[in-house]
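All remarks here apply to the structure that follows.
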Amino acid sequence: MNRKLKMGMVGGGQDAFIGAIHRLAANMDGLIELSCGALSIKPETAIASGKALFLPESRIYLTYEEMFKAEAALPANERMDFVTIVTPNFAHFAPAMMALDYGFNVVIEKPITFSLEEAKLLEQKIKETGLILCLTHTYSGYPMVKQAKAMVREGKLGKIRKVWVEYPQGWLSKLSEREGNAQAAWRTDPTKAGKSSVMGDIGTHAAHLAEYITGSKITDVCAELNTLVEGRVMDDDGAVMLKFDNGSKGVLMASQVAAGEENALRIRVYGEKGGIEWLQHDPNTLIVRWLDEPAQILRAGSNYAHLSSFATHNCRTPGGHPEGYLEAFANIYRNFALTLGCKLDGKEPTPEMLDFPSVEDGLRGMAFIDNVVVSAHSDQKWTPYVL
(Lines give C-alpha, C1' and ligand atoms only; values in the text may rest on other atoms or scores of the structure.)
Protein backbone atom coordinates (compact mmCIF):
# COMPACT_ATOMS: atom_id res chain seq x y z
CA MET A 1 0.00 0.00 0.00
CA ASN A 2 1.23 3.49 -0.85
CA ARG A 3 -1.20 5.14 1.57
CA LYS A 4 -2.73 4.66 4.98
CA LEU A 5 -5.93 2.66 5.32
CA LYS A 6 -8.94 4.85 6.11
CA MET A 7 -10.95 3.83 9.17
CA GLY A 8 -14.47 4.81 10.13
CA MET A 9 -15.82 4.27 13.63
CA VAL A 10 -19.29 3.51 15.00
CA GLY A 11 -19.51 4.42 18.69
CA GLY A 12 -16.46 5.27 20.76
CA GLY A 13 -17.20 8.93 21.42
CA GLN A 14 -16.27 11.05 24.42
CA ASP A 15 -18.67 9.21 26.73
CA ALA A 16 -17.23 5.77 25.88
CA PHE A 17 -14.30 3.70 27.20
CA ILE A 18 -13.08 1.26 24.57
CA GLY A 19 -13.19 3.61 21.55
CA ALA A 20 -10.07 5.48 22.63
CA ILE A 21 -8.23 2.16 23.09
CA HIS A 22 -9.12 1.14 19.54
CA ARG A 23 -7.95 4.46 18.14
CA LEU A 24 -4.62 4.28 19.99
CA ALA A 25 -4.07 0.70 18.81
CA ALA A 26 -5.01 1.46 15.21
CA ASN A 27 -2.69 4.46 15.14
CA MET A 28 0.38 2.77 16.64
CA ASP A 29 1.98 1.48 13.42
CA GLY A 30 1.14 4.37 11.10
CA LEU A 31 -0.86 2.09 8.78
CA ILE A 32 -4.31 3.46 9.61
CA GLU A 33 -5.93 6.88 9.94
CA LEU A 34 -9.34 7.74 11.37
CA SER A 35 -11.23 9.38 8.52
CA CYS A 36 -14.84 9.52 9.67
CA GLY A 37 -17.16 8.50 12.45
CA ALA A 38 -20.67 8.15 13.83
CA LEU A 39 -19.32 8.34 17.34
CA SER A 40 -22.43 8.48 19.51
CA ILE A 41 -26.21 8.10 19.39
CA LYS A 42 -26.34 11.53 21.07
CA PRO A 43 -26.00 14.15 18.30
CA GLU A 44 -24.19 16.68 20.46
CA THR A 45 -21.70 14.03 21.66
CA ALA A 46 -21.15 12.74 18.13
CA ILE A 47 -20.33 16.24 16.86
CA ALA A 48 -18.16 17.19 19.84
CA SER A 49 -16.27 13.90 19.65
CA GLY A 50 -15.61 14.26 15.94
CA LYS A 51 -14.33 17.80 16.39
CA ALA A 52 -12.08 16.73 19.27
CA LEU A 53 -10.55 14.13 16.93
CA PHE A 54 -10.10 16.79 14.19
CA LEU A 55 -12.37 15.03 11.72
CA PRO A 56 -13.65 17.17 8.83
CA GLU A 57 -17.16 18.38 9.63
CA SER A 58 -18.45 16.70 6.46
CA ARG A 59 -17.26 13.31 7.82
CA ILE A 60 -18.77 13.62 11.28
CA TYR A 61 -22.01 11.67 11.03
CA LEU A 62 -24.97 11.43 13.37
CA THR A 63 -25.90 7.83 12.46
CA TYR A 64 -24.02 4.87 11.04
CA GLU A 65 -26.67 4.58 8.29
CA GLU A 66 -25.84 8.11 7.16
CA MET A 67 -22.11 7.35 7.31
CA PHE A 68 -22.20 4.17 5.23
CA LYS A 69 -24.34 5.75 2.51
CA ALA A 70 -22.24 8.92 2.33
CA GLU A 71 -18.90 7.08 2.42
CA ALA A 72 -19.97 4.62 -0.27
CA ALA A 73 -20.81 7.56 -2.53
CA LEU A 74 -17.29 9.01 -2.28
CA PRO A 75 -14.53 8.18 -4.82
CA ALA A 76 -12.72 4.93 -4.01
CA ASN A 77 -9.52 6.73 -2.98
CA GLU A 78 -11.40 8.94 -0.50
CA ARG A 79 -13.93 6.69 1.22
CA MET A 80 -13.18 4.63 4.30
CA ASP A 81 -11.64 1.18 3.76
CA PHE A 82 -13.12 -0.39 6.88
CA VAL A 83 -15.23 0.43 9.90
CA THR A 84 -14.57 -0.33 13.55
CA ILE A 85 -17.68 -1.01 15.66
CA VAL A 86 -17.25 -0.30 19.37
CA THR A 87 -20.85 -0.11 20.57
CA PRO A 88 -22.28 -2.33 23.36
CA ASN A 89 -23.11 -5.97 22.47
CA PHE A 90 -26.71 -5.36 21.46
CA ALA A 91 -25.68 -2.75 18.88
CA HIS A 92 -23.01 -4.76 16.99
CA PHE A 93 -25.05 -6.72 14.48
CA ALA A 94 -27.00 -4.08 12.56
CA PRO A 95 -24.05 -1.77 11.72
CA ALA A 96 -21.82 -4.75 10.90
CA MET A 97 -24.34 -6.19 8.44
CA MET A 98 -25.00 -2.83 6.83
CA ALA A 99 -21.27 -2.12 6.51
CA LEU A 100 -20.76 -5.42 4.71
CA ASP A 101 -23.74 -4.71 2.45
CA TYR A 102 -22.06 -1.45 1.44
CA GLY A 103 -18.76 -3.20 0.75
CA PHE A 104 -16.81 -2.17 3.85
CA ASN A 105 -14.54 -4.50 5.81
CA VAL A 106 -15.24 -4.66 9.55
CA VAL A 107 -13.36 -4.64 12.85
CA ILE A 108 -15.66 -5.37 15.75
CA GLU A 109 -15.38 -5.43 19.52
CA LYS A 110 -16.16 -8.77 21.23
CA PRO A 111 -18.46 -10.54 21.73
CA ILE A 112 -19.26 -10.36 18.06
CA THR A 113 -23.06 -10.03 18.40
CA PHE A 114 -25.91 -10.15 20.89
CA SER A 115 -26.93 -13.71 20.00
CA LEU A 116 -25.66 -16.86 18.30
CA GLU A 117 -28.32 -16.48 15.61
CA GLU A 118 -26.94 -13.03 14.70
CA ALA A 119 -23.40 -14.40 14.63
CA LYS A 120 -24.43 -17.10 12.15
CA LEU A 121 -26.02 -14.50 9.87
CA LEU A 122 -22.85 -12.39 10.05
CA GLU A 123 -20.71 -15.42 9.19
CA GLN A 124 -22.90 -16.12 6.16
CA LYS A 125 -22.63 -12.49 5.05
CA ILE A 126 -18.82 -12.65 5.25
CA LYS A 127 -18.86 -15.77 3.06
CA GLU A 128 -21.16 -14.07 0.54
CA THR A 129 -19.20 -10.83 0.31
CA GLY A 130 -15.62 -12.12 0.61
CA LEU A 131 -14.85 -9.20 2.90
CA ILE A 132 -12.68 -9.37 6.02
CA LEU A 133 -13.96 -9.27 9.60
CA CYS A 134 -11.53 -8.90 12.51
CA LEU A 135 -12.69 -9.53 16.08
CA THR A 136 -10.65 -7.85 18.80
CA HIS A 137 -9.91 -10.72 21.17
CA THR A 138 -7.03 -8.67 22.52
CA TYR A 139 -5.14 -11.28 24.49
CA SER A 140 -4.32 -13.34 21.40
CA GLY A 141 -2.21 -10.37 20.27
CA TYR A 142 0.45 -10.80 22.96
CA PRO A 143 3.78 -12.15 21.60
CA MET A 144 4.19 -14.75 24.35
CA VAL A 145 0.65 -16.06 23.81
CA LYS A 146 1.67 -16.58 20.19
CA GLN A 147 4.86 -18.29 21.39
CA ALA A 148 2.77 -20.64 23.54
CA LYS A 149 0.56 -21.47 20.56
CA ALA A 150 3.61 -22.16 18.38
CA MET A 151 5.11 -24.50 20.98
CA VAL A 152 1.88 -26.48 21.19
CA ARG A 153 1.54 -26.58 17.40
CA GLU A 154 5.14 -27.81 17.00
CA GLY A 155 4.53 -30.62 19.51
CA LYS A 156 7.12 -29.43 22.01
CA LEU A 157 4.80 -30.15 24.95
CA GLY A 158 3.62 -33.48 23.52
CA LYS A 159 -0.04 -34.40 23.37
CA ILE A 160 -2.06 -31.84 25.32
CA ARG A 161 -3.86 -33.26 28.33
CA LYS A 162 -5.04 -30.42 30.57
CA VAL A 163 -5.99 -26.74 30.30
CA TRP A 164 -6.65 -24.37 33.21
CA VAL A 165 -7.77 -20.85 32.34
CA GLU A 166 -9.07 -18.25 34.78
CA TYR A 167 -10.22 -14.67 34.49
CA PRO A 168 -10.93 -13.06 37.89
CA GLN A 169 -11.94 -9.41 38.18
CA GLY A 170 -13.29 -7.54 41.19
CA TRP A 171 -14.89 -4.43 39.73
CA LEU A 172 -18.49 -5.68 40.10
CA SER A 173 -18.11 -6.72 43.74
CA LYS A 174 -20.63 -3.99 44.62
CA LEU A 175 -23.96 -3.21 42.96
CA SER A 176 -22.22 -0.63 40.78
CA GLU A 177 -24.97 -0.65 38.15
CA ARG A 178 -27.22 1.09 40.70
CA GLU A 179 -24.56 3.67 41.53
CA GLY A 180 -24.27 5.44 38.19
CA ASN A 181 -21.57 3.24 36.62
CA ALA A 182 -22.58 3.19 32.94
CA GLN A 183 -20.18 0.35 32.06
CA ALA A 184 -21.66 -1.82 34.80
CA ALA A 185 -25.23 -0.84 33.90
CA TRP A 186 -25.29 -2.20 30.36
CA ARG A 187 -23.11 -5.23 31.14
CA THR A 188 -25.59 -6.41 33.80
CA ASP A 189 -28.72 -5.67 31.75
CA PRO A 190 -29.96 -8.78 29.88
CA THR A 191 -31.54 -6.62 27.16
CA LYS A 192 -28.10 -5.23 26.35
CA ALA A 193 -25.55 -7.84 27.47
CA GLY A 194 -27.24 -11.01 26.20
CA LYS A 195 -27.74 -14.37 27.90
CA SER A 196 -24.80 -14.16 30.30
CA SER A 197 -23.01 -11.19 31.79
CA VAL A 198 -19.80 -12.72 33.13
CA MET A 199 -19.34 -15.26 30.33
CA GLY A 200 -20.22 -12.77 27.62
CA ASP A 201 -17.88 -10.11 28.98
CA ILE A 202 -14.81 -12.08 30.10
CA GLY A 203 -15.57 -15.81 29.88
CA THR A 204 -15.44 -15.60 26.09
CA HIS A 205 -11.89 -14.19 26.34
CA ALA A 206 -10.83 -17.16 28.48
CA ALA A 207 -12.48 -19.70 26.16
CA HIS A 208 -10.95 -18.10 23.08
CA LEU A 209 -7.50 -18.10 24.66
CA ALA A 210 -7.81 -21.81 25.52
CA GLU A 211 -8.80 -22.72 21.96
CA TYR A 212 -6.29 -20.33 20.39
CA ILE A 213 -3.24 -21.65 22.26
CA THR A 214 -4.15 -25.34 22.09
CA GLY A 215 -5.51 -25.30 18.53
CA SER A 216 -8.32 -27.55 19.80
CA LYS A 217 -12.05 -26.94 19.95
CA ILE A 218 -14.37 -27.29 22.93
CA THR A 219 -16.80 -30.19 22.41
CA ASP A 220 -18.64 -30.46 25.76
CA VAL A 221 -19.23 -28.25 28.80
CA CYS A 222 -20.37 -28.73 32.38
CA ALA A 223 -21.15 -25.28 33.75
CA GLU A 224 -22.32 -23.37 36.80
CA LEU A 225 -23.37 -19.71 36.75
CA ASN A 226 -23.86 -17.67 39.92
CA THR A 227 -25.22 -14.28 40.91
CA LEU A 228 -23.33 -13.46 44.09
CA VAL A 229 -24.10 -9.76 44.57
CA GLU A 230 -27.54 -9.38 46.08
CA GLY A 231 -29.94 -7.42 43.89
CA ARG A 232 -28.10 -8.11 40.60
CA VAL A 233 -30.28 -9.52 37.81
CA MET A 234 -27.53 -11.30 35.85
CA ASP A 235 -24.72 -13.73 36.65
CA ASP A 236 -21.42 -12.28 37.90
CA ASP A 237 -19.48 -15.50 38.50
CA GLY A 238 -19.13 -18.91 36.90
CA ALA A 239 -17.06 -22.03 36.35
CA VAL A 240 -16.99 -24.50 33.46
CA MET A 241 -15.46 -27.94 33.02
CA LEU A 242 -14.40 -28.47 29.40
CA LYS A 243 -13.77 -31.32 26.97
CA PHE A 244 -11.75 -30.67 23.81
CA ASP A 245 -11.73 -32.44 20.45
CA ASN A 246 -8.16 -33.71 21.00
CA GLY A 247 -9.23 -35.60 24.14
CA SER A 248 -7.85 -33.08 26.63
CA LYS A 249 -9.81 -31.77 29.60
CA GLY A 250 -10.08 -28.25 30.93
CA VAL A 251 -11.36 -25.98 33.66
CA LEU A 252 -12.44 -22.36 33.08
CA MET A 253 -13.26 -19.85 35.81
CA ALA A 254 -14.59 -16.34 35.23
CA SER A 255 -15.65 -13.99 38.00
CA GLN A 256 -16.24 -10.27 38.30
CA VAL A 257 -16.75 -10.38 42.06
CA ALA A 258 -13.23 -11.52 43.02
CA ALA A 259 -12.69 -8.49 45.26
CA GLY A 260 -9.28 -6.91 44.84
CA GLU A 261 -8.50 -8.52 41.48
CA GLU A 262 -7.97 -6.28 38.48
CA ASN A 263 -7.59 -8.16 35.20
CA ALA A 264 -5.87 -11.36 36.27
CA LEU A 265 -6.27 -13.51 33.16
CA ARG A 266 -4.09 -16.61 33.48
CA ILE A 267 -3.74 -19.81 31.47
CA ARG A 268 -1.84 -23.05 32.04
CA VAL A 269 -1.60 -25.79 29.41
CA TYR A 270 -0.06 -29.19 30.12
CA GLY A 271 1.05 -31.89 27.72
CA GLU A 272 2.85 -35.23 28.04
CA LYS A 273 6.31 -33.59 28.06
CA GLY A 274 5.68 -30.33 29.90
CA GLY A 275 3.47 -27.31 30.38
CA ILE A 276 3.30 -23.55 29.87
CA GLU A 277 1.93 -20.75 32.01
CA TRP A 278 1.08 -17.19 30.94
CA LEU A 279 -0.34 -14.37 33.06
CA GLN A 280 -1.71 -11.13 31.63
CA HIS A 281 -0.25 -9.15 34.55
CA ASP A 282 3.25 -10.19 33.36
CA PRO A 283 2.67 -10.55 29.62
CA ASN A 284 6.31 -10.56 28.48
CA THR A 285 6.96 -13.81 30.35
CA LEU A 286 6.13 -17.39 29.38
CA ILE A 287 6.99 -20.05 31.97
CA VAL A 288 7.76 -23.47 30.52
CA ARG A 289 7.87 -26.44 32.91
CA TRP A 290 9.40 -29.69 31.65
CA LEU A 291 8.69 -33.19 32.92
CA ASP A 292 12.36 -34.16 33.32
CA GLU A 293 14.30 -30.91 32.86
CA PRO A 294 14.60 -27.61 34.75
CA ALA A 295 11.89 -25.04 34.11
CA GLN A 296 12.50 -22.24 31.59
CA ILE A 297 11.48 -18.61 31.59
CA LEU A 298 11.03 -17.28 28.05
CA ARG A 299 10.87 -13.52 27.55
CA ALA A 300 9.48 -11.41 24.72
CA GLY A 301 11.85 -9.39 22.58
CA SER A 302 12.21 -8.64 18.88
CA ASN A 303 15.92 -9.62 18.99
CA TYR A 304 15.37 -13.08 20.55
CA ALA A 305 16.15 -15.81 18.02
CA HIS A 306 14.65 -18.59 20.19
CA LEU A 307 11.10 -17.26 19.68
CA SER A 308 8.81 -18.36 16.85
CA SER A 309 8.23 -16.13 13.84
CA PHE A 310 4.67 -15.53 15.05
CA ALA A 311 6.01 -14.20 18.36
CA THR A 312 8.79 -12.03 16.90
CA HIS A 313 6.42 -10.66 14.22
CA ASN A 314 4.38 -9.22 17.10
CA CYS A 315 7.28 -8.00 19.27
CA ARG A 316 7.95 -4.28 19.02
CA THR A 317 10.94 -3.66 21.28
CA PRO A 318 14.24 -5.33 22.23
CA GLY A 319 14.16 -7.73 25.15
CA GLY A 320 13.62 -6.17 28.57
CA HIS A 321 11.33 -3.37 27.37
CA PRO A 322 7.73 -3.83 28.56
CA GLU A 323 5.00 -4.39 26.00
CA GLY A 324 1.44 -4.48 27.24
CA TYR A 325 -2.26 -4.26 26.50
CA LEU A 326 -2.10 -1.45 23.94
CA GLU A 327 0.68 -3.19 22.01
CA ALA A 328 -1.29 -6.46 21.96
CA PHE A 329 -4.35 -4.57 20.75
CA ALA A 330 -2.19 -2.86 18.10
CA ASN A 331 -0.86 -6.22 16.91
CA ILE A 332 -4.38 -7.28 16.02
CA TYR A 333 -4.96 -4.03 14.11
CA ARG A 334 -1.58 -4.28 12.36
CA ASN A 335 -2.13 -7.85 11.22
CA PHE A 336 -5.62 -6.96 10.00
CA ALA A 337 -4.27 -3.87 8.20
CA LEU A 338 -1.43 -5.80 6.56
CA THR A 339 -3.88 -8.48 5.42
CA LEU A 340 -6.32 -5.92 4.05
CA GLY A 341 -3.48 -4.03 2.35
CA CYS A 342 -2.33 -7.23 0.64
CA LYS A 343 -5.88 -7.90 -0.52
CA LEU A 344 -6.24 -4.40 -1.97
CA ASP A 345 -2.86 -4.78 -3.71
CA GLY A 346 -3.70 -8.23 -5.08
CA LYS A 347 -1.01 -9.94 -2.96
CA GLU A 348 -1.03 -12.92 -0.63
CA PRO A 349 -0.68 -12.15 3.09
CA THR A 350 1.75 -14.22 5.13
CA PRO A 351 0.51 -16.65 7.82
CA GLU A 352 1.81 -14.20 10.44
CA MET A 353 -0.33 -11.41 8.96
CA LEU A 354 -3.42 -13.63 8.93
CA ASP A 355 -3.03 -14.39 12.62
CA PHE A 356 -5.93 -12.36 14.02
CA PRO A 357 -9.37 -13.41 15.34
CA SER A 358 -12.06 -13.72 12.67
CA VAL A 359 -15.80 -14.22 12.32
CA GLU A 360 -15.32 -17.93 13.10
CA ASP A 361 -13.85 -17.00 16.49
CA GLY A 362 -16.81 -14.72 17.09
CA LEU A 363 -19.26 -17.49 16.21
CA ARG A 364 -17.55 -19.89 18.62
CA GLY A 365 -17.63 -17.21 21.33
CA MET A 366 -21.39 -16.82 21.03
CA ALA A 367 -21.79 -20.61 20.98
CA PHE A 368 -19.72 -20.77 24.17
CA ILE A 369 -22.12 -18.38 25.93
CA ASP A 370 -25.19 -20.29 24.74
CA ASN A 371 -23.81 -23.69 25.68
CA VAL A 372 -22.67 -22.56 29.13
CA VAL A 373 -26.11 -21.10 29.87
CA VAL A 374 -27.83 -24.31 28.70
CA SER A 375 -25.47 -26.42 30.82
CA ALA A 376 -25.87 -24.21 33.89
CA HIS A 377 -29.65 -24.73 33.80
CA SER A 378 -29.48 -28.45 32.99
CA ASP A 379 -29.65 -31.36 35.41
CA GLN A 380 -27.29 -33.47 33.33
CA LYS A 381 -23.56 -33.33 34.00
CA TRP A 382 -22.23 -32.78 30.48
CA THR A 383 -23.84 -30.77 27.68
CA PRO A 384 -22.64 -31.31 24.09
CA TYR A 385 -21.22 -28.14 22.56
CA VAL A 386 -23.63 -27.12 19.78
CA LEU A 387 -22.87 -24.50 17.13
Side-chain angles (χ1 to χ4, degrees), residues 1-110 113 122 125 129 131-136 182-183 185-186 192 326 329-330 332-334 336-341 343-345:
M1 292 288 290
N2 59 4
R3 62 170 178 83
K4 293 185 177 183
L5 292 172
K6 295 179 173 61
M7 178 177 82
M9 181 168 274
V10 176
Q14 292 177 331
D15 55 351
F17 155 67
I18 201 67
I21 302 293
H22 278 262
R23 289 190 292 271
L24 286 167
N27 189 57
M28 193 171 289
D29 291 285
L31 300 174
I32 297 167
E33 61 183 356
L34 182 67
S35 299
C36 59
L39 300 168
S40 175
I41 58 173
K42 303 172 185 175
E44 63 277 10
T45 303
I47 293 170
S49 301
K51 288 181 177 179
L53 293 168
F54 304 102
L55 292 177
E57 287 193 21
S58 62
R59 313 240 349 231
I60 301 172
Y61 301 101
L62 300 186
T63 67
Y64 68 82
E65 295 95 338
E66 176 191 6
M67 181 169 77
F68 296 154
K69 292 174 183 177
E71 290 292 313
L74 292 174
N77 64 337
E78 295 180 23
R79 70 173 73 111
M80 68 178 182
D81 296 294
F82 72 94
V83 62
T84 289
I85 299 169
V86 290
T87 51
N89 304 4
F90 70 95
H92 285 180
F93 177 71
M97 287 290 280
M98 187 173 181
L100 295 167
D101 280 331
Y102 274 83
F104 297 116
N105 300 280
V106 173
V107 175
I108 193 165
E109 180 62 27
K110 53 65 51 197
T113 52
L122 205 51
K125 180 64 70 173
T129 61
L131 294 166
I132 302 172
L133 186 145
C134 170
L135 184 70
T136 53
Q183 295 294 325
W186 76 259
K192 294 180 172 63
L326 285 176
F329 222 121
I332 292 175
Y333 264 100
R334 180 178 62 179
F336 165 77
L338 291 172
T339 296
L340 179 54
K343 182 178 180 180
L344 295 175
D345 284 344

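Here, residue 1 is the first one in the sequence, and each next residue gets the next number.
- A side-chain donor-acceptor contact under 3.5 Å links N105 to the backbone of I132.
- Other residues, nucleotides and ligands contribute only 12 or fewer heavy atoms inside 6.0 Å of the CD1 atom of I41.
- With rounding to the nearest 0.5 angstrom, the NZ atom of K343 is 15.0 Å from the CG atom of L338.
- Taking OH of Y64 as the start and NZ of K69 as the end, the distance is 10.0 Å to the nearest 0.5 Å.
- Within the model, atoms CG of L39 and CG of L55 stand 6.5 Å from one another, a figure rounded to the nearest 0.5 Å.
- Under the 4.5 Å side-chain criterion, counting only non-hydrogen atoms from C-beta, V10 is not in contact with V86.
- Under the rule for a salt bridge (Lys or Arg N to Asp or Glu O under 4.0 Å), R23 has no partner lying at least two apart in sequence or in another chain.
- The closest side-chain donor-acceptor pair between Y333 and T136, if any, does not fall under 3.5 angstrom.
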* To do: Check step by step if side chain to side chain contact (heavy atoms under 4.5 Å, CB included) holds for K4 and L31.
  => CA-CA 5 Å; K4 293 185 177 183; L31 300 174; over 6 Å; no
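- Relative ring orientation between F329 and H22 is described as perpendicular, the plane-to-plane angle rising above 60° on a 0-90° scale split at 30° and 60°.
- Across M7, M9, K6, a single residue satisfies side chain to side chain contact (heavy atoms under 4.5 Å, CB included) together with S35, and that is K6.
- A distance of 11.5 Å separates CG in L53 from SG in C36, rounded to the nearest 0.5 Å.
- S49 and G13 make their closest contact through OG-CA, 3.5 Å (heavy atoms, listed as atom of the first residue, atom of the second, distance).
- Here D81 pairs with R3 in a salt bridge; the nearest charged N to carboxylate O distance falls below 4.0 Å.
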* To do: Step by step, work out the side chain to side chain contact (heavy atoms under 4.5 Å, CB included) result for I108 and V83.
  => CA-CA 8 Å; I108 193 165; V83 62; over 6 Å; no
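- Taking the side chain as every heavy atom from C-beta outward, E65 and M98 approach each other to under 4.5 Å.
- The two residues A46 and L62 make their nearest non-hydrogen contact at CB-CD2, 4.3 Å.
- Note: F90 CZ to T113 OG1 = 13.5 Å, rounded to the nearest 0.5 Å.
- The NZ atom of K192 lies 10.5 Å from the CH2 atom of W186; values are rounded to the nearest 0.5 Å.
- Checking side-chain atoms of H92 against main-chain N and O of T87 turns up a donor-acceptor pair under 3.5 Å.
- At a threshold of 4.5 Å between non-hydrogen side-chain atoms, the residues I85 and V106 count as touching.
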* Could you please spell out the steps behind the ring-ring contact (aromatic ring centres under 6.0 Å, His included) verdict for F82 and F336? => CA-CA 10 Å; F82 72 94; F336 165 77; 5.0 Å; yes
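- Counting heavy atoms from C-beta on, the side chains of K125 and M97 come closer than 4.5 Å.
- A pairwise comparison of heavy atoms in L122 and A96 identifies CD1-CB, 3.9 Å as the closest pair.
- Within the structure, the salt bridge (Lys or Arg N to Asp or Glu O under 4.0 Å) test picks out the following pairs touching residues 39-54 (sequence neighbours left out): D15-K42.
- Between the side chains of Y102 and E71, no donor-acceptor pair of N or O atoms lies under 3.5 Å.
- A donor-acceptor pair is defined here as one N or O able to donate and one able to accept, closer than 3.5 Å; no such pair exists between the side chain of T45 and the backbone of S40.
- Taking every heavy atom of both residues into account, A52 and Q14 meet most closely at CB-NE2, 3.6 Å.
- Scanning all heavy atoms of the two residues, the minimum distance from F104 to A72 falls at CZ-N, 3.7 Å.
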